[in-house]
Amino acid sequence: MFSAPKLPHAIRQYLIITGNYWAFTLTDGALRMLVVLYFHQLGYAPLDIALLFVFYEFFGVVTNLVGGWLGARWGLNRTMNIGLGLQIVALLLLMSPTHWLSIPLVMAAQALSGIAKDLNKMSAKSTIKLLVPSKENNKLYQWVALLTGSKNALKGIGFFLGGLLLTLYGFQGAILCMLILLVIVWGFSLWSLTESLGKSQYKPKFKDLFSKSANINYLSAARLFLFGARDIWFVIALPVYLSSQLAWNHWETGGFLALWVIGYGVVQTLAPYITGQKKQTPTGRDAVFWAGSLTAVMLILALALQENWGGSLFLLIGLGVFGVVFAVNSSLHSYLIVHYADRDGVSLDVGFYYMANAMGRLIGTVLSGGVFQVYGFTMCLWFSAGFVGLSAIIAIFLPNKNGDSVIKKRIES
């Protein structure tokens with residue numbers, strides 16, 4: 001802290017953006033857990049709870065497209081502050097009296113929260129590209145892994161915090177605690193963020209929202225199915241399954257999901273070491289390998305639950321293994337998009353990629369509620385295995401270290 005004033009101005013600005021991102025992530029994770037558990041407690045069916053998050057994910061899709069364009073035109077400091085402000089408005093809406101908490105009101109609050117989340121994510125991830133020298137890809141990989149992993153660890157803490165605050169203070173009291181924290185962070189951000197990082201040297205047109213890079217398009221499609229695969233069982237199905245089938249209370253359910261996401265975040269930070277590429281950066285070949293490995297894990301887990309191998313303990317351990325392999329996949333993707341992105345107007349490419357990420361989450365969220373309600377938790381795992389398999393197939397078209405995709409090399413040989 002004492003050496004912070006000696007850091008270059010751009011680095012100090014980035015540290016502030018990262019701090020904002022962390023604080024926002026904490027409240028975002030807590031809010032998600034609060035909504036799931038509270039409305040399940042009120043008697044809402046799984047599909048009804050999933051629909052509460054539809055606007056959250058849908059507006060995430062829109063925001064990543066438009067937000068990348070705004071970031072390139074206005075600078076990432078402004079998009080970051082707009083995101084923090086919108087999250088405060090969302091929390092204020094949810095502070096309404098209990099009898100006002102209708103489905104349309106909650107969906108509107110979730111829409112604002114989804115916009116806010118993706119403005120923050122896009123701003124933080126895009127900034128890394130601008131601070132790491134263009135030739136230092138190894139350092140870029142490590143920085144991306146550290147930011148992504150730390151964010152998810154904090155989101156896991158947010159899950160636990162949401163369940164704990166709901167148990168201690170109820171829904172309104174929990175929202176008030178988060179609101180106070182975020183207002184303080186937002187005030188500091190408005191005062192301290194002055195550098196227009198990420199502002200493009202040219203004025204991007206609206207048509208520039210859509211990526212013209214084949215690599216980014218393939219990676220975005222792979223990302224869509226990867227995150228759809230996780231959210232099919234994670235977002236609605238798992239917390240409801242733990243509460244209804246295993247009779248866990250709020251803090252136990254929130255605690256397990258928190259541990260899962262924290263562990264997932266820790267593994268993401270260690271991805272450069274796990275993949276053995278601290279000195280050699282990953283390529284499309286690695287994305288194929290790790291997605292294939294994740295597919296195998298989910299197939300085994302789905303079959304085990306269907307045949308009742310090992311009971312609930314085996315399921316929880318299997319979900320932990322899934323989290324480890326999924327974390328490596330996610331970290332590889334996060335590095336590759338920043339690596340593929342154009343430095344001038346980087347938020348455009350990153351925004352397009354996270355648009356696909358949000359689309360996968362949207363599809364996964366709806367399926368999580370619908371498939372679980374109609375067919376049960378086991379079918380959610382089978383759907384997840386299929387989605388991960390599609391992600392592995394698409395990753396075949398990503399370039400390897402020689403610049404050509406894996407499939408192109410095979411055709412030529």
Side-chain angles (χ1 to χ4, degrees), residues 64 125-126 128-129 132 134-149 210-230 267-299 322 324-343 346 348-357 359-360 384-413:
N64 277 300
K125 294 286 182 74
S126 298
I128 299 180
K129 180 77 172 184
V132 178
S134 57
K135 301 294 184 181
E136 297 188 19
N137 290 327
N138 296 321
K139 183 178 292 186
L140 180 64
Y141 184 21
Q142 293 171 51
W143 276 41
V144 170
L146 180 61
L147 177 68
T148 305
F210 300 95
S211 176
K212 301 177 181 64
S213 165
N215 291 339
I216 291 176
N217 289 335
Y218 286 132
L219 182 62
S220 298
R223 183 76 170 192
L224 184 154
F225 286 105
L226 178 68
F227 270 75
R230 183 199 66 178
V267 173
Q268 282 184 310
T269 64
L270 299 175
Y273 303 90
I274 295 173
T275 59
Q277 290 167 312
K278 186 176 180 293
K279 296 182 180 180
Q280 180 181 352
T281 52
T283 65
R285 190 185 303 275
D286 300 290
V288 174
F289 171 78
W290 285 99
S293 300
L294 188 62
T295 305
V297 170
M298 185 48 71
L299 286 172
F322 178 95
V324 171
V325 185
F326 178 83
V328 176
N329 275 274
S330 178
S331 198
L332 286 173
H333 283 200
S334 295
Y335 161 73
L336 289 173
I337 181 55
V338 178
H339 175 60
Y340 292 157
D342 188 358
R343 290 183 72 89
V346 57
L348 288 169
D349 288 334
V350 173
F352 178 82
Y353 166 80
Y354 279 109
M355 176 275 296
N357 184 97
M359 181 64 76
S384 177
F387 269 48
V388 179
L390 288 172
S391 181
I393 292 171
I394 294 169
I396 293 174
F397 295 91
L398 295 173
N400 60 24
K401 63 182 178 181
N402 296 319
D404 294 324
S405 67
V406 175
I407 194 168
K408 183 177 179 181
K409 284 291 184 181
R410 290 178 178 174
I411 292 173
E412 290 178 349
S413 61

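Every heavy atom of this structure was used, including side-chain atoms; hydrogens, water molecules and symmetry mates were not.
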Quick check: closest heavy atoms across Asn329 and Val325, and the distance to 0.1 Å? ND2-O, 2.9 Å

Judged by atom type as modelled, is there a donor-acceptor pair below 3.5 Å linking the side chain of Ser331 to the main-chain atoms of Ala327? no

Could you state the interatomic distance from CZ (Arg285) to CD1 (Ile396), rounded to the nearest 0.5 Å? 11.0 Å

Leu226 and Phe326: side chain to side chain contact (heavy atoms under 4.5 Å, CB included), yes or no, with the steps? CA-CA 8 Å; Leu226 178 68; Phe326 178 83; 3.6 Å; yes

How far apart are the closest heavy atoms of Gly284 and Leu398, and which atoms are they? CA-CB, 3.6 Å

Does a side-chain heavy-atom distance below 4.5 Å link Ser213 with Phe352? no

Minimal non-hydrogen separation, Ala229 against Val388, with atom names: CB-CG2, 3.2 Å

How far does CG of Leu224 sit from OH of Tyr353, to the nearest 0.5 angstrom? 11.0 Å

Which atoms form the tightest heavy-atom contact between Leu336 and Pro282, and what is the distance? CD2-O, 3.7 Å

Worked verdict on Ser334 versus Tyr354 for side chain to side chain contact (heavy atoms under 4.5 Å, CB included): CA-CA 10 Å; Ser334 295; Tyr354 279 109; 3.8 Å; yes

Hey, are the side chains of Ile274 and Trp290 touching, using non-hydrogen atoms and a 4.5 Å cut-off? yes

Taking it one step at a time, do Ser330 and Gln268 satisfy side chain to side chain contact (heavy atoms under 4.5 Å, CB included)? CA-CA 7 Å; Ser330 178; Gln268 282 184 310; 2.9 Å; yes

Heavy-atom nearest pair, Ala392 first then Gly292, reads CB-N, 3.9 Å

May I ask you to decide if the ring planes of Phe387 and Phe225 are parallel, tilted or perpendicular, using 30° and 60° as cut-offs? perpendicular

Please name the pair of heavy atoms, one in Thr295 and one in Ala385, separated by the smallest distance, quoted to 0.1 Å. CG2-O, 3.9 Å

Stepwise side chain to side chain contact (heavy atoms under 4.5 Å, CB included) test for Asp286 and Thr283: CA-CA 5 Å; Asp286 300 290; Thr283 65; 3.3 Å; yes

For a 4.5 angstrom cut-off between non-hydrogen side-chain atoms, does Tyr335 reach Pro272? no

Can you tell me if Arg223 uses its side chain to pair, donor with acceptor, with the backbone of Ser391 under 3.5 Å? no

